[in-house]
Amino acid sequence: MNATAKKGQSTQGSWLAGWGAVTTLGATADDVFAALLRGDIGLRVFEPPFDQAFRGPHGYVFPGSPTRGPRAASLLVQAVSEALLDAGLTEMQNLDSIPVVIGTGLGEARTLEIAHLEDGPKPNLDLAAKLRKRWGFDRVSVFSNACAASLYAAALACDLLEQESLEHVIVAGVDVLSLSMFGSLDRVQVEPPDRVRPFDAGRRGVLMGEGAAAVVLSKLPHEKPLRLARVELGCDAYHVTAPDPARIEHVMREAHARVGVGADSIDLVVAHGTGTPLNDEAEAVALTRVWERASKPLVTGVKGSTGHTSGASGLHSLIVAGQCLLSGEVPPVVGLDVPDPMASALRLNRSRTRLEDARLAQVDAFGFGGLNAVALLRKVPVMRP
Amino acid sequence: MKDLGLLAHAVLLPQEGVLTDAHLTAPLAPVEIDFRTRLGRKGLRYSTPATLLAEAAAVEAMACRCPDDDCPPERLGLIASSRYGNAESVVNAAQIVIKQGADALSPMGLPNASSNVLASTVAIQLGIKGVCLTIEDERDRAASALQWAQVLITGGRCEQVLVVAAESDSPTARWLAGGRPVVTGGVALLVAAIDDRHSRSPMVARRWPLQPARMELGALAGIINYVVPEGARS
């Protein structure tokens, strides 16, 4: 272990040393970002017989879903593999000692459903099984925290890095469809959505997406000049599915205060933007209130392209925020045709945009049960010799 | 890292009061706990048995807190776990989707499709507004829950953390437990940092002679070791 990786060194936040992502848009973080910038949509119609089982038989799913697609455990390996390579850690000694914190909404629920439907033996529901087999990680935690799961994981990974003599922590997020969740959403949405339409006046609800994401957080600087300054957490204690805009606003303000920045300092927001009537209204209200007297950041959201990747969505958005800060390019909000009036105060990004000199991005993730997470990601000046 | 102390605890089992080894060597009778009275809320029929047990244990633990240990809701955290808690709901819903289509599902079933329904229900019941976490580790959930409680408290995100675990026997739970009956019960521990201002019991895990344990404890394993008084064992 590097002797300088002591406790308390990361008071300005953890370094984002590497990342990996897989969605229906692409198999790597770069591929996904390129597709987002093009405005691609990773939507697929279900194969028979599932084209008859739902009113809206389509989702942002891999071939074979909803029952024969890739397992969540496999997607995790893919994302973590890319993140380790990106962070330059693949040849590291004692890789197995790096703690891994995983956020998921549904875990291996689909595996459970299929095994039960096929009347088979009890399934292996260990989400981390393939990670352990591949790299031997002996310290793995899994948080089942709905759509805020991977940002919750990032928050606690940062805390762990701060409190222990660690050099790195791996954070990951993953979700694939389950019949029970997709079916339940299909059942309750008034009309089946054709796609996810964040903040759109005609939005009809959410469609699930599949994918995984991983980042390596480090106490030491790496090539990417990005620091995860803070992930603020909160809980509404209000309703099992509906959000509370006041509590969302509270978490945003707490995040800013904690990092010691005003709303004016934030250049970009990667919104949660699920396309549901309730989330988008709550989030738009909160963003509007927080920025009422401050210069407005550019707002984007990825779920129109990726679908709602549930537990992975927070990290997917965080990685996109990082890619925007580094490249100066911001993807449009795909699926947004006519902005809802309640989002009229927001600078919603309608087309691929160049954002010069952006330094601070906010990333939102809000989950069923009123789980709120707001992250602040900072681009730091590059030190030249 | 700050050391944790125990402020309050509760354990809820079909045979209330004392937990003995006998509970763990024979299948238990169905739960006969008056949740309506204990929880004082409507909509109980939409909650899984594990959720109700977790809620009831949490309510009881919080009621046992000393007045001196009051804590603002934004400073209170919750870490919950149930290995088999919503498995029955998930497989039943999947069966309905396959055989009849999603339209045949109950619209009230949506929360139970999410693994964190137990935690969010407890948080709403108790007004917990700090941090709400559901642990889904494959191994040693008790150690994980207490570790993360320590991280939350040491990092200043929470002053107190309620750690809750619950399970409920069901055909799906038994299938996942390899055919063994699953304990039906809930446990709650309220923890905070040991400091000079309050006298709090340090966390001590008591060892039980579970030989042989013919019942599956699920998420209660480990956690329950912190609540059984020494003199209560038969």
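Each chain gets a letter, A, B and so on, in the order its sequence line appears, and its residues count up from 1.
The choice from B:Val97, B:Ile79, B:Val90, B:Ile135 that makes the most heavy-atom pairs within less than 4.5 Å of chain A is B:Val90. Per-residue heavy-atom pair counts under 4.5 Å with chain A were compared for B:Ala123, B:Gly155, B:Cys132, and the maximum is reached by B:Cys132. Put simply, of B:Val151, B:Asn112, B:Val131, the one with the most heavy-atom pairs under 4.5 Å next to chain A is B:Val151. Most heavy-atom pairs under 4.5 Å with chain B, from the set A:Arg247, A:Met181, A:His116, A:Arg139: that is A:His116. Ranking B:Gly101, B:Ala93, B:Ser115, B:Ala177 against chain A, the residue ahead of the rest is B:Ser115, based on heavy-atom pairs under 4.5 Å. Residue with the most contacts toward chain B among A:Ala149, A:Gly370, A:Ala155, A:Ala109: A:Ala155 (heavy-atom pairs, distance under 4.5 Å). Interface summary for chain A: among B:Gly130, B:Ala104, B:Pro111, the most heavy-atom pairs under 4.5 angstrom belong to B:Gly130. Comparing A:Gly107, A:Pro121, A:Gly367 by heavy-atom pairs within less than 4.5 Å of chain B, the highest count is held by A:Pro121. Considering only heavy-atom pairs separated by less than 4.5 Å from chain A, the leading option among B:Ala87, B:Ala94, B:Ser120 is B:Ala94. Contact tally against chain B (heavy-atom pairs below 4.5 Å) for A:Pro49, A:Ser178, A:Pro123, A:Ala128: the top residue is A:Pro123.
Within the 4.5 angstrom heavy-atom criterion, no atom of A:Val100 approaches chain B. Contact annotation for A:Tyr152: only side-chain heavy atoms (C-beta onward) come within less than 4.5 Å of a heavy atom of chain B. Contacts of B:Ser144 with chain A are made by side-chain atoms alone, with heavy-atom separations under 4.5 Å and no backbone atom involved. For A:Phe50, the part lying under 4.5 angstrom from a heavy atom of chain B is the side chain only. With a 4.5 angstrom heavy-atom cutoff, A:Leu185 touches chain B via backbone and side-chain atoms both. For A:Arg110, no part lies near chain B; criterion is any non-hydrogen pair under 4.5 Å. The part of B:Gln147 that comes within reach of chain A is its side chain, from C-beta onward, which places non-hydrogen atoms under 4.5 angstrom from that chain. Looking at A:Ile102, neither its backbone nor its side chain comes within 4.5 Å of chain B, counting heavy atoms on both sides. Heavy atoms closer than 4.5 Å to chain A are found nowhere in B:Ser81, neither backbone nor side chain. Interface residue B:Arg139: only side-chain heavy atoms are found under 4.5 Å from chain A.
The two residues B:Trp148 and A:Ser141 come nearest to each other via the heavy atoms NE1-OG, 2.9 Å. Looking at every heavy atom in both residues, B:Pro107 comes nearest to A:Val188 through O-CG1, 3.6 Å. The two residues A:Val231 and B:Arg157 have their closest heavy-atom pair at O-NH1, 2.8 Å. In terms of heavy-atom proximity, B:Leu105 sits nearest to A:Gly183 at CD1-C, 3.4 Å. Of all non-hydrogen atoms in B:Ile128 and A:Ala237, the two that sit nearest each other are O-CB, 3.4 Å. Of all heavy-atom pairs between B:Trp175 and A:Gly120, the closest is NE1-O, 3.3 Å.
For the atom pair CD (B:Glu136) and CG (A:Asp126), the distance works out to 10.5 Å, reported to the nearest 0.5 Å. Interatomic distance, B:Glu74 CD to A:His250 NE2, rounded to the nearest 0.5 Å: 5.5 Å. In this structure, OG in A:Ser180 is found 10.0 Å from CG in B:Asn92, a value given to the nearest 0.5 Å. For the atom pair A:Glu113 CD and B:Ile98 CD1, the distance stands at 8.5 Å (nearest 0.5 Å). The CG atom of A:Leu233 lies 8.0 Å from the CG atom of B:Leu152; values are rounded to the nearest 0.5 Å. Rounding to the nearest 0.5 angstrom, the gap separating the NZ atom in B:Lys2 from the CD atom in A:Gln163 is 9.5 Å.
In this structure a side-chain-to-backbone donor-acceptor pair under 3.5 Å is present from B:Asp137 to A:Val142.
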Show your working on side chain to side chain contact (heavy atoms under 4.5 Å, CB included) between B:Arg174 and A:Lys122 and close with a plain yes or no. CA-CA 10 Å; B:Arg174 288 194 185 207; A:Lys122 73 176 179 101; over 6 Å; no
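The existence of a salt bridge linking A:Arg55 and B:Asp103 is confirmed by a sub-4.0 Å separation between a basic side-chain nitrogen and an acidic carboxylate oxygen.
Side-chain contact between A:Arg187 and B:Met108 is absent, with no heavy atoms from C-beta onward closer than 4.5 Å. You'll find the side chain of B:Leu133 reaches within 4.5 Å of the side chain of A:Leu156, heavy atoms only.
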